[in-house]
There are 2 protein chains.
Amino acid sequence: MHTIFENLDVSGEGPLYRRLKAAIAEAVANGKLERGAALPPERDLAEASGVSRVTVRRAIAELTREGLLTRRQGAGTFVARPVERIEQSLKRLSSFTEDMQARGMKPHSQWLERGLMPASDDEARRLGIAAGTQIARLSRIRFADNMPMAIEHSALPQDVLDAPQEVNGSLYSVLSERGRRPVRATERISACVLDDHQAELLAVSPGAPALFILRTAFDAEGRVVEVTGTYYRSDVYDLIAELTFQSVGSAVAYVADQDAV
Amino acid sequence: MHTIFENLDVSGEGPLYRRLKAAIAEAVANGKLERGAALPPERDLAEASGVSRVTVRRAIAELTREGLLTRRQGAGTFVARPVERIEQSLKRLSSFTEDMQARGMKPHSQWLERGLMPASDDEARRLGIAAGTQIARLSRIRFADNMPMAIEHSALPQDVLDAPQEVNGSLYSVLSERGRRPVRATERISACVLDDHQAELLAVSPGAPALFILRTAFDAEGRVVEVTGTYYRSDVYDLIAELTFQSVGSAVAYVADQDAV
DNA sequence: AAGTGGTCTAGACCACTTG
DNA sequence: AAGTGGTCTAGACCACTTG
């Protein structure tokens, strides 16, 4: 076993599993445990620190969720390597296919659902149509260079897309051909943890965090042409926003800022 | 015990705790368990479903992280109530104080750190100065109507803010007075899970998801005047972005879109 | 005082990889 | 075959609330 973990010191205040978490995190921060290095087996860690294996597992499970460690059944537990993150600008309304190609990565999709079907209550409300109306629904896992990146659920009115089976790669290229490509969109961004099913689809540990983006896209006339909810793996995906102090030509906003900031 | 949970059916494939999770999630989705309703005690659930209490706790712990349930030690486990979420636009560079006041909420801060101190390597790199140079560091918990909303860590060059102790409410109002308010910023947005310490500061369960925003703010001359990392509780905070298909007057970008989308 | 969630143990067996 | 993580149990005791 690695010398750091002989007679591992877990003295201190508070629950044992937290002290163990702190001790392991400390070893990584200190560089005593290098990136990619294997931790001792859980049973050895338990013996060395004098705690039960259940408690060791709890400490490791939480550090794994926090992104510090990775576990592979049968293989071991390792210090996570920092990955090169993908940056997605929040300025331009672009497609996943386009974005990945622009980065020199090869995109592909694994379809979960693709067809015409009745809108759920949520979908109907967001699309501004009656519940039960026929819509095009597209659900897929998005890959870049064979790595699962995101789970995407799209809904479009049937008059915007009446042949969803024709969508293979980029949805927006199909909409462009039909002259129904959206010109603007609003996105609501939140953080969540993936449930068991989602985690499996994205090949990450259950309980891993993700960015959830709910996009509502409009055509030039202001009609909703697409509503898409996407779960992005947060271990590889960052969003980039640019903000300015005042809107151009907005004297009113400027005065308000001066008072309230 | 609630009738749904008498002889709880956890038959099926896969691990017991996942079947139990699915059964509880199903009861909530069906409306058999209403928002705010109490679940039976863990010991009763274990008996009713014929599994051990450890397994019941695992199922409940994961549903709690996913936001479906809330637990209060000594009191019980309850179906989470949907909360009114705060929407934060990603367009305008505004201050927390201003944003909360605009919503009719009362902001205040609890200081974790506030003073002049040597820059860490990370801070120095982000501010574009030499490591160890004296900077102003401001760390605090941000509250709105006495609810903890975010943990904020700011770093500013000393020439921008040489008296950090003077900052009480809005940092930007102090910078405005000194003529050093930033005019634009870039933000990098990611999702993470809160560690034990952060979760305690924000009064949420350990392992809860959060939005992490790293802001770099610039003055009119393009100098970095502020670098701030903020953890926002994701159960109350949403970000709102607006995207457009093409940049105004950018014919080149338009042609590129046509090809690649 | 009684009830409920939180922490912890020792041990068993299963699933997966070859450290 | 041996090693490692994954699931599960029965039971004990602690911390906190009053369901």
Which residues pass the ring-ring contact (aromatic ring centres under 6.0 Å, His included) test with Phe96(A), sequence neighbours left out? none
Any heavy-atom pair between the side chains of Leu138(B) and Leu171(B) that's under 4.5 Å? yes
Which residues share a side-chain hydrogen bond (donor to acceptor under 3.5 Å, both in side chains) with Arg43(B), sequence neighbours left out: none
What pairs with Thr186(A) under side-chain hydrogen bond (donor to acceptor under 3.5 Å, both in side chains), at least two apart in sequence or on another chain? none
Spacing between Leu69(B) atom CG and dT4(C) atom C1', to the nearest angstrom: 15 Å
Considering only nitrogen or oxygen atoms on both sides, find all protein atoms under 3.5 Å from nucleotides 13-18 of chain C and state each distance.
residue, atom, partner, partner atom, Å
dA15(C), N3, Gln73(A), NE2, 3.2

By side-chain hydrogen bond (donor to acceptor under 3.5 Å, both in side chains) - contacts of Asn168(B) (at least two apart): Arg114(B)
Specify the separation, in whole Å, of atom CG of Leu45(B) and atom P of dG6(C). 13 Å
Return yes if some donor-acceptor pair links the side-chain N/O of Ser120(B) with the main-chain N/O of Glu123(B) below 3.5 Å, else return no. yes
Please give, in whole Å, the distance from dG11(C) P to Glu47(A) CD? 12 Å
Does Arg57(B) reach a base, just sugar-phosphate, or nothing at all? Heavy atoms under 4.0 Å. base
side-chain N/O Thr77(B) vs dG5(C) OP1/OP2, d < 4.0 Å: yes
By side-chain hydrogen bond (donor to acceptor under 3.5 Å, both in side chains), Arg126(A) pairs with (sequence neighbours left out) none
What pairs with His108(B) under ring-ring contact (aromatic ring centres under 6.0 Å, His included), at least two apart in sequence or on another chain? Phe143(B)
How do Ser52(A) and Phe78(A) order along DNA chain C: which one's closest nucleotide is nearer the 5' end? Ser52(A)
Interatomic distance, Lys21(B) NZ vs dT7(D) P [rounded to whole Å]: 11 Å
For the pair made of CG in Asp196(B) and C1' in dT7(C), what is the distance, rounded to whole Å? 13 Å
Would you mind reading off the distance between Arg71(B) atom CZ and dG19(D) atom C1', rounded to a whole angstrom? 16 Å
Nearest-Å distance, CG (Asp44(B)) to C1' (dA2(C))? 14 Å
Between dT7(D) and Tyr17(B), is there an OP1 or OP2 to side-chain N/O distance shorter than 4.0 Å? yes
Under the rule for ring-ring contact (aromatic ring centres under 6.0 Å, His included), what residues qualify as partners of Phe78(A), not counting sequence neighbours? none
Take N1-N3 plus N6-O4 or O6-N4 for Watson-Crick, N1-O2 plus O6-N3 for G-U, both under 3.5 Å. Which runs of 3 or more such pairs involve DNA chain C? C:1-18 with D:1-18
Closer than 4.0 Å, any side-chain N/O of Thr55(A) to the OP1 or OP2 of dT9(C)? yes
Atom-pair distance (CD on Glu42(B); P on dG5(C)), nearest Å: 5 Å
